[in-house]
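Everything on this sheet refers to the single structure shown next.
In listed order, ligands and their atoms are each counted from 1.
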Amino acid sequence: MTEAWRPDDEDGSRRGSSGPVRVRVPAKINLHLGVGPLRPDGYHELNTVYHAISIHDELTARRGDTLTLTMEGEGTGELALDESNLVIRAARALAAYTGLPAHARLHLRKQIPLAGGLAGGSADAAATLVACDTLWGTGLSRDELAAIAAGLGSDVPFLIHGGTALGTSRGEAVSPVLARPVSWHWVVAVADGGISTPAAYAELDRLRDTGAAPEPLGSTDELLAALRQHDPGVLAGALGNDLEAAALSIRPSLAATLSAGTQAGALAGIVSGSGPTCVFLATDARHAERVAAGLTAAGVCRAVRTAHGPVPGARVG
Ligand code: C5P
């Protein structure tokens with residue numbers, strides 16, 4: 001049992017922050033997304049390498065008498081701001097864990113596209129946990145926040161930690177990949193509209209049942225060895241995503257996006273997560289700008305961004 005926190009200290013002063021708490025949280029890509037069999041609980045066993053990149057959402061939490069959410073940026077007008085929103089669910093999960101009332105005024109500034117395969121919703125949930133933890137003065141450890149995060153979604157714990165990390169089980173079991181600090185440079189092709197994650201997994205199951213899916217990627221060993229070599233050319237050869245076949249089956253036009261990126265000079269391109277965002281590896285920041293210009297000129301996607309990784313997970317400031 002968790003002992004309930006009291007909203008006021010012994011001397012009557014309020015715990016936590018009286019001013020606004022601003023948290024930045026990154027998008028994630030999967031350098032390797034190995035999808036195993038469907039489990040009885042409806043999830044697939046994963047072997048994945050998560051990587052946090054420098055496209056950020058920002059969540060600001062202020063004191064309030066109820067729980068409210070407003071937003072601006074990507075997806076405004078499309079994303080429901082009610083109890084179904086992962087931000088609201090995250091605030092309520094932290095409140096339930098700590099025994100505090102879920103009182104906060106939350107504002108989200110979104111740059112990560114909705115249903116894009118970049119874990120934008122999961123990122124916002126992670127940001128909410130970190131922001132409300134500071135606002136309410138509950139002072140949980142990152143591991144405690146990650147445990148609450150696991151109940152909100154498979155990749156929410158990774159967005160608490162950030163960096164580059166191995167994900168196993170349904171993706172919620174995260175351990176950092178220790179490597180010498182090196183930045184990788186990416187070009188991100190944002191598509192029109194999204195792909196639902198359950199739909200992508202279901203399509204992969206269907207392709208596998210009919211023998212139409214490529215061989216499963218399996219272990220992350222090759223990718224982890226490639227990361228240690230610090231050579232973008234080697235990393236390019238090790239990138240892989242079992243969900244790519246499903247995303248291409250749902251959205252065949254992504255094949256043109258992938259080939260436009262390699263024609264623009266990228267070392268490699270993959271669908272990110274369940275798609276439809278595609279990410280391309282470049283040798284350095286200037287190369288990434290050239291690839292981005294080529295992709296923009298090809299007119300195969302809604303927006304093109306450059307990014308680097310790894311970056312930290314959800315952080316105040
Ligand atoms: O955990 P999360 O809520 O993000 O998962 C969304 C959906 O994606 C799940 O309901 C499931 O259909 C699919 N999924 C899966 N296997 C995983 C993670 C997600 O099948 N390891």
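- Nearest protein heavy-atom contact of atom 1 (O) of ligand 1 is S154 OG, 2.6 Å.
- Taking atom 11 (C) of ligand 1 as the reference point, the nearest protein heavy-atom neighbour is G42 O, 4.1 Å.
- Aromatic ring orientation, H44 versus Y201: parallel (interplanar angle below 30°, classes split at 30° and 60°).
- Nearest to atom 6 (C) of ligand 1 among the protein's heavy atoms is T197 CG2, 4.4 Å.
- Checked by distance only, ligand 1 and S169 stay at 3.5 Å or farther apart across all their nitrogen or oxygen atoms.
- The pair R251-D192 fails the salt-bridge criterion, with no side-chain N (NZ, NE, NH1 or NH2) lying under 4.0 Å from an Asp/Glu carboxylate O.
- In this structure, T306 contributes its side chain and E289 its backbone to no donor-acceptor pair below 3.5 Å.
- Looking only at protein heavy atoms, the nearest one to atom 13 (C) of ligand 1 is Y201 CD1, 3.4 Å.
- The proximity of Y43 to ligand 1, defined as any non-hydrogen pair under 4.0 Å, involves the side chain as well as the backbone.
- Between the side chains of S169 and R39, a donor-acceptor pair is found at a separation under 3.5 Å.
- Between V49 and the options I29, L239, T220, a side-chain contact (heavy atoms from CB on, under 4.5 Å) holds for only T220.
- Among all non-hydrogen protein atoms, the one lying nearest atom 7 (C) of ligand 1 is P198 CG, 3.9 Å.
- Set against the non-hydrogen atoms of L46, the atoms of ligand 1 under 4.0 Å away are 21 (N).
- Atoms of ligand 1 lying under 4.0 Å from at least one heavy atom of G153, given by number and element, are 1 (O).
- Distances between N or O atoms of D155 and those of ligand 1 include no value under 3.5 Å.
- Remark: side-chain polar atoms of H230 are not paired, donor with acceptor, to backbone N or O of P181 under 3.5 angstrom.
- Counting all heavy atoms, side chain and backbone alike, W186 lies closest to A288 at O-CB, 4.3 Å.
- In this structure, the side chain of N241 engages the main chain of V271 through a donor-acceptor pair within 3.5 Å.
- In terms of N/O distances under 3.5 Å, ligand 1 is approached by H44.
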